[in-house]
Amino acid sequence: MRILVIEDEDTIAGAIAARLRSEGFDVDIADDGPSGVEAAERLIPDLVVLDLMLPGFDGFEACRRIQRHRRVPVLMLTAKDTETDMLVGLGLGADDYMTKPFSQRELVARVQAILRRVRDASEPAPSAVVRIGDIELDRAARRVRRADAEVHLTPTEFDLLVCLVAANGAVLTRDQLLRDVWGYRDGSGARTVDSHVRAMRRKLGDDVIRTVHAVGYAIGDLS
Ligand code: CA
């Protein structure tokens with residue numbers, strides 16, 4: 001598996017590359033937006049770790065260009081939680097976000113979780129179109145419609161919706177969702193769940209996901 005790290009801070013890029021190499025990945029580094037996009041086209045990586053603030057053009061633009069011809073999993077690095085919220089809201093198409101500073105152990109866990117999800121998604125899903133209220137969820141085609149209108153969810157948002165629907169109204173804690181959707185086992189990243197839930201409510205309607213105070217989330221009562 002080949003990973004491209006696009007990050008202009010040498011020490012961070014070097015530390016990420018060293019840790020990923022020790023986990024058995026082939027790693028390349030680019031240090032600005034244009035050379036990162038060029039490297040992504042040339043090297044065809046299996047995953048890109050992409051810093052938001054870059055010289056040339058930023059990670060936002062780099063993500064858009066990298067994904068123009070080919071869907072590449074992206075783990076975006078941001079400096080603030082508010083930046084992560086904004087990016088999730090914009091539906092940029094990154095698969096996950098990490099706010100600096102982070103541990104290398106957490107980075108590796110997230111990279112492996114993304115690669116696992118990509119692998120799972122490429123296997124044929126159990127058939128069945130699920131209907132809940134006026135929402136239609138096609139797991140094989142990974143498409144969602146609400147009131148007969150197509151709603152575009154990111155891969156992560158789609159998996160989160162599938163997970164909540166499968167729970168059939170039961171409340172899932174943020175830790176359960178992190179484990180089942182993102183594949184994390186250490187409970188880190190609760191804010192990630194909240195950011196994605198906010199984005200999904202904007203796209204599908206506020207009633208689609210119910211917040212259960214101090215516990216977690218459940219699918220809304222849509223019938
Ligand atoms: Ca930077």
Side-chain angles (χ1 to χ4, degrees), residues 3-17 19-20 27 29-37 39-40 45 47-68 71-115 117-118 152-161 174-175 177-178 181-184 186-204 206 209 211 217:
I3 297 180
L4 173 62
V5 177
I6 309 176
E7 162 66 84
D8 58 314
E9 287 168 73
D10 287 348
T11 49
I12 296 178
I16 292 172
R19 182 57 189 264
L20 289 173
V27 182
I29 297 175
D31 62 4
D32 62 30
S35 67
V37 171
L47 183 142
V48 175
V49 177
L50 178 59
D51 186 34
L52 178 62
M53 297 307 288
L54 289 168
F57 44 74
D58 63 15
F60 189 87
E61 178 65 16
C63 188
R64 204 178 62 75
R65 296 195 189 193
I66 287 169
Q67 310 253 14
R68 192 153 47 190
R71 160 93 187 105
V72 186
V74 171
L75 171 59
M76 182 77 87
L77 307 180
T78 69
K80 296 194 217 84
D81 286 333
T82 48
E83 288 174 356
T84 296
D85 287 351
M86 186 223 12
L87 292 169
V88 171
L90 289 170
L92 174 62
D95 292 80
D96 202 359
Y97 302 84
M98 284 184 81
T99 306
K100 296 176 182 175
F102 49 79
S103 74
Q104 296 297 333
R105 192 177 64 84
E106 190 183 357
L107 177 101
V108 168
R110 296 217 186 180
V111 162
Q112 285 170 339
I114 292 171
L115 291 172
R117 293 208 317 270
V118 168
H152 296 281
L153 298 184
T154 66
T156 301
E157 290 164 2
F158 185 87
D159 291 341
L160 188 53
L161 183 61
R174 290 176 178 80
D175 281 356
L177 290 167
L178 283 167
V181 176
W182 281 265
Y184 305 156
D186 62 1
S188 61
R191 284 187 57 95
T192 303
V193 179
D194 299 340
S195 300
H196 281 81
V197 166
R198 271 197 295 280
M200 289 167 69
R201 283 180 173 146
R202 273 196 293 275
K203 293 178 183 181
L204 279 163
D206 280 340
I209 297 172
T211 300
Y217 295 106

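If you're wondering where the values come from, they're calculated on a predicted model, not measured in any experiment. In what follows, every heavy atom counts, from backbone to side chain, and hydrogens, waters and symmetry copies are set aside. Index from 1, following the sequence.
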Problem set entry | Closest approach of Trp182 to Ala113 (non-hydrogen atoms, all atoms of both residues) | O-CB, 2.6 Å
For this session: State whether the side chain of Asp51 and the backbone N or O of Leu54 hold a donor-acceptor pair below 3.5 Å, judged by distance alone.
Result: no
Exercise. Nearest heavy-atom pair of Pro34 and Gly56: which atoms, and what distance?
Worked result: CD-CA, 3.8 Å
Exercise. Are the side chains of Lys80 and Leu52 in touch, meaning some heavy atoms are under 4.5 Å apart?
Worked result: no
Seminar exercise, completed: CE (Met53) and OG1 (Thr78) are apart, to the nearest 0.5 Å, by 11.0 Å
Problem set entry | Residue pair Ile114 / Leu75: nearest heavy atoms and the distance that separates them | CD1-CB, 4.0 Å
For this session: Working to the nearest 0.5 Å, report the span between CD1 of Ile209 and CZ of Arg201.
Result: 6.0 Å
Exercise. Does some side-chain heavy atom of Leu107 sit less than 4.5 Å from a side-chain heavy atom of Leu20?
Worked result: yes
For this session: Applying side-chain contact (heavy atoms from CB on, under 4.5 Å), name anything that partners Val72, two or more places apart in sequence or on another chain.
Result: Val48, Ile66, Arg70
For this session: Can you measure from CD (Gln104) to CD1 (Ile12) and round to the nearest 0.5 angstrom?
Result: 9.0 Å
For this session: May I ask you to test the Ile16-Leu77 pair for a side-chain heavy-atom distance under 4.5 Å?
Result: yes
Problem set entry | With Arg117, the side chain to side chain donor-acceptor pair (under 3.5 Å) member among Thr156, Asp96, Asp95 | Thr156
For this session: May I have the step-by-step check of side-chain contact (heavy atoms from CB on, under 4.5 Å) for Met98 and Val49, ending in yes or no?
Result: CA-CA 10 Å; Met98 284 184 81; Val49 177; over 6 Å; no
For this session: Please check if the side chain of Glu83 supplies one atom and the backbone of Ala79 the other of a donor-acceptor pair under 3.5 Å.
Result: yes
Problem set entry | Partner of His196 under side chain to side chain contact (heavy atoms under 4.5 Å, CB included), chosen from Leu153, Leu160, Asp159 | Leu160
For this session: Report yes or no: does Glu9 contribute a side-chain atom to a donor-acceptor pair with the main-chain N or O of Thr11 at less than 3.5 Å?
Result: no
Exercise. How far apart are the closest heavy atoms of Gly36 and Ala30, and which atoms are they?
Worked result: CA-CB, 3.6 Å
Problem set entry | Atom NZ of Lys100: over 12 foreign heavy atoms under 6.0 Å | yes
Problem set entry | Pairwise distance CG(Asp8) to CG(Asp58) - rounded to 0.5 angstrom | 11.5 Å
For this session: Mind listing the closest non-hydrogen atom pair of Arg19 and Arg105 along with its distance?
Result: NH1-N, 3.9 Å
For this session: To the nearest 0.5 angstrom, please state how far the OG1 atom of Thr192 sits from the CZ atom of Arg110.
Result: 4.5 Å
Problem set entry | Sub-4.5 Å side-chain heavy-atom contact between Glu61 and Val37 | no
For this session: Over all heavy atoms of both residues, which pair between Gly59 and Met76 is shortest? Give the atoms and the distance, please.
Result: O-CE, 3.8 Å
Problem set entry | Candidate pair Leu161 and Leu204, rule side-chain contact (heavy atoms from CB on, under 4.5 Å), full reasoning | CA-CA 10 Å; Leu161 183 61; Leu204 279 163; 4.0 Å; yes
For this session: Working to the nearest 0.5 Å, report the span between CD of Glu157 and NE2 of His152.
Result: 12.0 Å
